[in-house]
Amino acid sequence: MALKNQYLIDLLETVKKRNQGEPEFIQAVTEVLETLEPVAEKRQDLIDAGVFERIVEPERQIIFRVPWVDDNGKVQVNRGFRVQFNSAIGPYKGGLRLHPSVYLGIIKFLGFEQVFKNSLTTLPMGGGKGGSDFDPKGKSDGEVMRFCQSFMTELCKHIGADTDVPAGDIGTGAREIGFMFGQYKRLRNEFTGVLTGKGLTYGGSLTRTEATGYGLCYFTNEMLQANGKSFEGQTVVISGSGNVAIYATEKATQYGAKVVALSDSNGYIHDPDGIELDIVKQIKEVERGRIKEYCDRTSHKNATYTEGCKGIWTIKCDIALPCATQNEIDGESAAILVKNGTYCVSEGANMPSTPEAIETYLSNGVLYGPAKAANAGGVATSGLEMSQNSERLSWTFEEVDAKLHGIMKEIFKSCDEAAKEYGMAGNYMAGANIAGFLKVAEAMKAQGCV
């Protein structure tokens, strides 16, 4: 899909010049601008207000040094990031990613996506993202604590319950959030809902752990039903084995599907008899182990483990839910999915499909749920955690789950209606981008040139 609108072509050129060496960010902006072309044609007022130029430029980018001492007494230095992308509709909101691959371009792409995703949730949250190139894998609890305390010592100057509310992401789980929250509280001398994904004993929300995976299945189920299909009796392949993948497996199974594959960064398991989720939870949530251990523990004789991740998309399935990382499905893998009869791809990870893969889905009539809509359940529940913190209340699991289900239904409805309104019925990627953009754009226009 190439841009035809000269104004947007020129804008994309400016973005490419300003953000050289940041392919993920350029990819995310390109995808959004391509789908916003009909909006640009229709809404000259938004062009006149400079909304398009402003929405692709972060409001603030913070980069800082994170020194910490390892268990051998040696000083280590990492780099910390927080990109506060857009606050037109609420405080910046978005996760903190701890992974060796983290650099400014990844954080900017995630922050940009977050603006639209948060807008779609119907909650008053702007978009931001942060993290560090620190790798928590293989580190002791003491090392992780010292890193998190050093990281928060700098980050705490830039965040707050009404300014910027970070959350977890890849590498940042309950342990890391706990250490960061403790340090924030110590430095600022205030107990406030400044981070989401907290433990239940100190302001966390029930359902937060399950939220992204459950939300993904709620959205996917709406998309399937709108097209005369369902999860019932279908074979599902899910990549990843973290929070998102585990709880997507749980919910898809509750919907009557059979999940036959999961992966981690080393390789993937294929269990044609259906994944035994309790074993995966024990390995991943309790022991922080590797997915290959599943084959030694399952009673299913046909389960196999394969090194490397790409082959997971060669497993025959009806529905594919990529829940691992960005750009994990390329054009070649997408073509294999189509050839094998996969009719639905819905994204639990952020931008897991390359532009070539998305083109393959759309040109072959595959139902495609884009990340910014399909995986918004996590941040939606973070927003619900913020509400509970503000009210000094704690809602039951059932209350939060019901609210999450309602939000995901609304998100699908918004995507569906926006796609139809702009002449692209069934293209939920275009619908998500347009619906998410318009809410933020109207707010930016109303607030003047800021």
Side-chain angles (χ1 to χ4, degrees), residues 15 19 21-33 55-64 79-87 90-121 125-135 151 155 158-159 164-173 176-177 195-197 211-212 215-216 240 242-244 322-328 347-355 358 370-380 382-383 429 432-433 436-437 440:
V15 169
N19 304 281
E22 298 176 3
E24 300 88 356
F25 178 59
I26 290 165
Q27 180 185 335
V29 173
T30 304
E31 179 220 287
V32 169
L33 291 184
I55 208 162
V56 296
E57 190 63 38
E59 290 174 12
R60 199 172 290 105
Q61 303 179 60
I62 302 149
I63 304 177
F64 52 94
R79 184 172 271 190
F81 302 90
R82 188 69 182 171
V83 173
Q84 297 174 331
F85 219 104
N86 192 294
S87 59
Y92 308 106
K93 181 90 197 82
L96 297 168
R97 178 171 292 195
L98 301 180
H99 192 270
S101 67
V102 165
Y103 78 108
L104 186 59
I106 292 255
I107 299 299
K108 270 160 69 177
F109 124 63
L110 291 166
F112 181 69
E113 290 274 294
Q114 201 77 45
V115 175
F116 301 93
K117 184 190 298 184
N118 292 359
S119 170
L120 284 169
T121 65
M125 301 183 293
K129 206 77 183 187
S132 172
D133 55 6
F134 171 82
D135 189 358
F151 180 78
L155 186 65
H158 310 285
I159 62 175
D164 183 354
V165 183
D169 193 73
I170 292 172
T172 307
E176 290 76 14
I177 290 289
L195 288 166
T196 55
T212 312
L216 169 64
N243 260 3
V244 186
C323 296
T325 192
Q326 65 267 8
N327 292 328
E328 56 176 296
E347 299 178 335
N350 290 309
M351 203 169 76
S353 305
T354 65
I358 294 168
K372 61 173 67 71
N375 81 7
V379 75
S382 285
M429 177 181 77
N433 288 338
F437 169 78
V440 177

### From CZ (Phe134) to CG (Leu96), nearest 0.5 Å
13.0 Å
### Task
Determine the minimum heavy-atom distance between Pro58 and Phe85, stating which atoms define it.
CG-CE1, 3.6 Å
### Query
So do Ile62 and Leu155 actually touch side chain to side chain, heavy atoms under 4.5 Å?
no
### Query
If you take all heavy atoms of Gly95 and Arg82, which pair is closest and at what distance?
O-NH1, 3.3 Å
### Query
Is the side chain of Gln84 donor-acceptor paired with the backbone N or O of His158 at a distance under 3.5 Å, no angle test?
yes
### Summary of salt bridge (charged side-chain N to carboxylate O under 4.0 Å, His left out) pairs that have at least one residue in residues 97-119, sequence neighbours excluded
Glu22-Lys108, Arg97-Asp169, Glu113-Lys372
### Query
Looking at Met125 and Asn118, what are the two nearest heavy atoms and their distance?
O-CB, 3.4 Å
### Task
Decide side-chain contact (heavy atoms from CB on, under 4.5 Å) for Ile106 and Gln326; before the verdict, give the C-alpha distance in whole Å, the side-chain angles of both, and the deciding distance to 0.1 Å.
CA-CA 9 Å; Ile106 292 255; Gln326 65 267 8; 2.9 Å; yes
### Query
Which atom names give the shortest non-hydrogen contact between Leu216 and Cys323, and what distance separates them?
CD2-SG, 3.6 Å
### Task
Report the distance from atom CD of Glu176 to atom CG of Leu195, rounding to the nearest 0.5 Å.
12.0 Å
### Query
Quick one: are Asn243 and Thr212 in side-chain contact, heavy atoms under 4.5 Å?
no
### Summary
Minimal heavy-atom distance between Gly105 and Phe25, with the atoms involved, is O-CB, 3.8 Å
### Summary
For Thr196, the side chain to side chain contact (heavy atoms under 4.5 Å, CB included) test, sequence neighbours excluded, returns Lys93, Val165, Ala167, Ser382, Glu385, Met386
### Task
Any chance you could lay out the side-chain contact (heavy atoms from CB on, under 4.5 Å) test for Phe112 and Val29, step after step, and finish with the verdict?
CA-CA 8 Å; Phe112 181 69; Val29 173; 3.9 Å; yes
### Query
Of the non-hydrogen atoms in Gly80 and Ser132, which two are nearest, and what is the gap between them?
CA-CB, 4.3 Å
### Task
Test side-chain contact (heavy atoms from CB on, under 4.5 Å) on Val244 and Asn375 and set out the steps.
CA-CA 9 Å; Val244 186; Asn375 81 7; 5.7 Å; no
### Message
Would you compute the distance between atom CG of Asn327 and atom CZ of Phe109 and round it to the nearest 0.5 angstrom?
### Response
7.0 Å
### Query
When you check the side-chain N and O atoms of Arg60 and Tyr92, is any donor under 3.5 Å from an acceptor?
yes
### Query
Do the non-hydrogen side-chain atoms of Tyr103 and Glu24 ever get within less than 4.5 Å of each other?
yes
### Message
Return the CG to NE2 distance between Asp135 and His99, rounded to the nearest 0.5 Å.
### Response
6.5 Å
### Query
Would you say Thr30's side chain and Ile26's backbone share a donor-acceptor pair under 3.5 angstrom?
yes
### Query
Side chains of Gln114 and Lys129: does their closest heavy-atom pair fall under 4.5 Å?
yes
